[in-house]
Structures are given as C-alpha cells and as structure tokens.
Amino acid sequence: MTRSTPNQPHPPLLPPQKTLIAAGELLRALAAPVRIAIVLQLRESERCVHELKDALGVTQPLISQHLRVLKAAGVVHGERSGREVLYRLVDDHLAHIITDAIAHAEESS
C-alpha cells in the first residue's frame with residue numbers, strides 16, 4: 001500500500017455506493033438511441049406519445065415502451081391532459097447529459 005506524500009494529491013472522494021448505483025441505472029435508462037431521441041424532443045417542450053411517434057418515425061407501442069423505462073428511471077414525468085398524457089423531463093440535468101454525450105460522440109467521429 002502506498003501512502004500519499006505531500007507532493008502527491010489524495011485520491012478523489014467517491015460518492016456513496018448507493019449514489020453510484022443510481023447513476024449507473026440512470027445511464028442504463030438513457031442508453032438506447034430512441035430514448036436519447038425522446039429526451040432531445042422533451043428538452044424542447046412537453047410532448048404526447050403521438051407527437052413523439054411522428055417526430056421519431058417509430059411505432060406508438062415502441063414509444064410507450066421507452067417512455068415506461070424513462071419514467072421508471074425518474075427521467076420523465078407524465079401528466080394527463082384530457083385524453084392524452086403529456087410527458088416532460090423531470091429536470092434539465094438530464095438534457096445536459098444527453099447533449100454532452102452527443103457533442104462528445106461528434107468530436108470523436
């Protein structure tokens with residue numbers, strides 16, 4: 001075991017294991033291209049399922065399936081408005097994660 005000397009920085013403190021696990025689950029929920037596209041759409045404004053379906057060009061059942069994953073992970077929140085459910089991002093941090101990942105991917109290409 002090596003000890004840090006005055007010239008060596010201390011290793012960074014890690015968040016609690018529970019926080020690391022929650023962050024991993026969040027990243028897993030965001031890991032599908034369709035879910036990334038949904039987050040990008042919701043970054044602009046609230047959307048209902050049929051608006052997401054039209055914007056992304058995928059089926060309604062597929063959109064609903066991905067919304068369930070995002071909702072379970074605490075990424076989106078749905079609120080009923082008449083016959084439709086409007087979905088929105090829970091907070092802006094999530095959009096930043098996605099836009100930063102896209103920027104990184106574009107730089108790496």
Side-chain angles (χ1 to χ4, degrees):
M1 180 166 117
T2 56
R3 294 184 149 177
S4 61
T5 62
N7 294 337
Q8 293 177 332
H10 292 282
L13 295 176
L14 292 175
Q17 186 70 17
K18 181 172 103 176
T19 303
L20 294 174
I21 290 169
E25 290 171 359
L26 172 63
L27 291 173
R28 264 192 300 286
L30 295 171
V34 171
R35 292 195 287 268
I36 290 170
I38 289 171
V39 170
L40 290 172
Q41 288 291 309
L42 297 179
R43 176 183 65 159
E44 301 301 320
S45 67
E46 295 180 326
R47 305 280 165 93
C48 60
V49 172
H50 77 83
E51 291 172 317
L52 291 168
K53 176 184 85 63
D54 292 345
L56 303 180
V58 296
T59 65
Q60 181 272 326
L62 186 60
I63 293 289
S64 295
Q65 177 186 359
H66 285 294
L67 284 168
R68 275 193 297 279
V69 172
L70 292 171
K71 193 172 179 184
V75 174
V76 301
H77 174 74
E79 193 169 307
R80 185 158 296 283
S81 175
R83 292 178 45 160
E84 297 179 324
V85 177
L86 289 175
Y87 290 91
R88 63 173 172 78
L89 292 178
V90 170
D91 65 47
D92 289 336
H93 292 105
L94 304 164
H96 291 295
I97 291 169
I98 295 298
T99 55
D100 287 349
I102 288 171
H104 179 75
E106 288 175 338
E107 289 171 1
S108 300
S109 305

What is the minimum heavy-atom distance between Ala95 and Leu89, and which atoms define it? CB-CD1, 3.9 Å
Among all residues two or more places apart in sequence or in another chain, which pass the side chain to side chain contact (heavy atoms under 4.5 Å, CB included) test with Asp91? His93, Leu94
Could you tell me which residues satisfy side chain to side chain donor-acceptor pair (under 3.5 Å) with Arg47, sequence neighbours excluded, listed by chain and number? Gln41, Ser45
Group every Ile, Leu, Val, Met, Phe, Trp and Tyr by side-chain heavy-atom contacts under 4.5 Å, then state whether Leu42 and Val58 land in the same group. yes
Excluding sequence neighbours, so at least two apart, what forms side chain to side chain contact (heavy atoms under 4.5 Å, CB included) with Leu40? Ile36, Arg43, Ile98, Thr99, Ile102
Taking every heavy atom of His77 against every heavy atom of Val90, the minimum-distance pair comes out as N-CG2, 4.1 Å
Under a 4.5 Å side-chain heavy-atom rule over Ile, Leu, Val, Met, Phe, Trp and Tyr, are Val69 and Val76 clustered together? no
Same cluster or not: are Val75 and Leu86 linked, directly or through other Ile, Leu, Val, Met, Phe, Trp or Tyr residues, by side-chain heavy atoms under 4.5 angstrom apart? no
For Val49, check side chain to side chain contact (heavy atoms under 4.5 Å, CB included) against everything at least two apart and list the hits. Gln60, Ile63, Ser64, Leu67, Tyr87
Within a reach of under 6.0 Å around CG of Asp100, are more than 12 heavy atoms found that belong to other residues, nucleotides or ligands? yes
Rounded to the nearest 0.5 angstrom, the SG-NZ distance for Cys48 and Lys53 is 10.5 Å
Please say whether more than 12 non-hydrogen atoms of neighbouring residues, nucleotides or ligands are located less than 6.0 Å from CD in Glu79. no
Sequence neighbours excluded and cut-off under 3.5 Å, please list the side-chain donor-acceptor pairs for residues 11-33, or say none.
none

Which residues pass the side chain to side chain donor-acceptor pair (under 3.5 Å) test with Glu84, not counting sequence neighbours? His50
With hydrophobic residues grouped by side-chain heavy-atom distances under 4.5 Å, do Leu70 and Val85 end up in a single group? yes
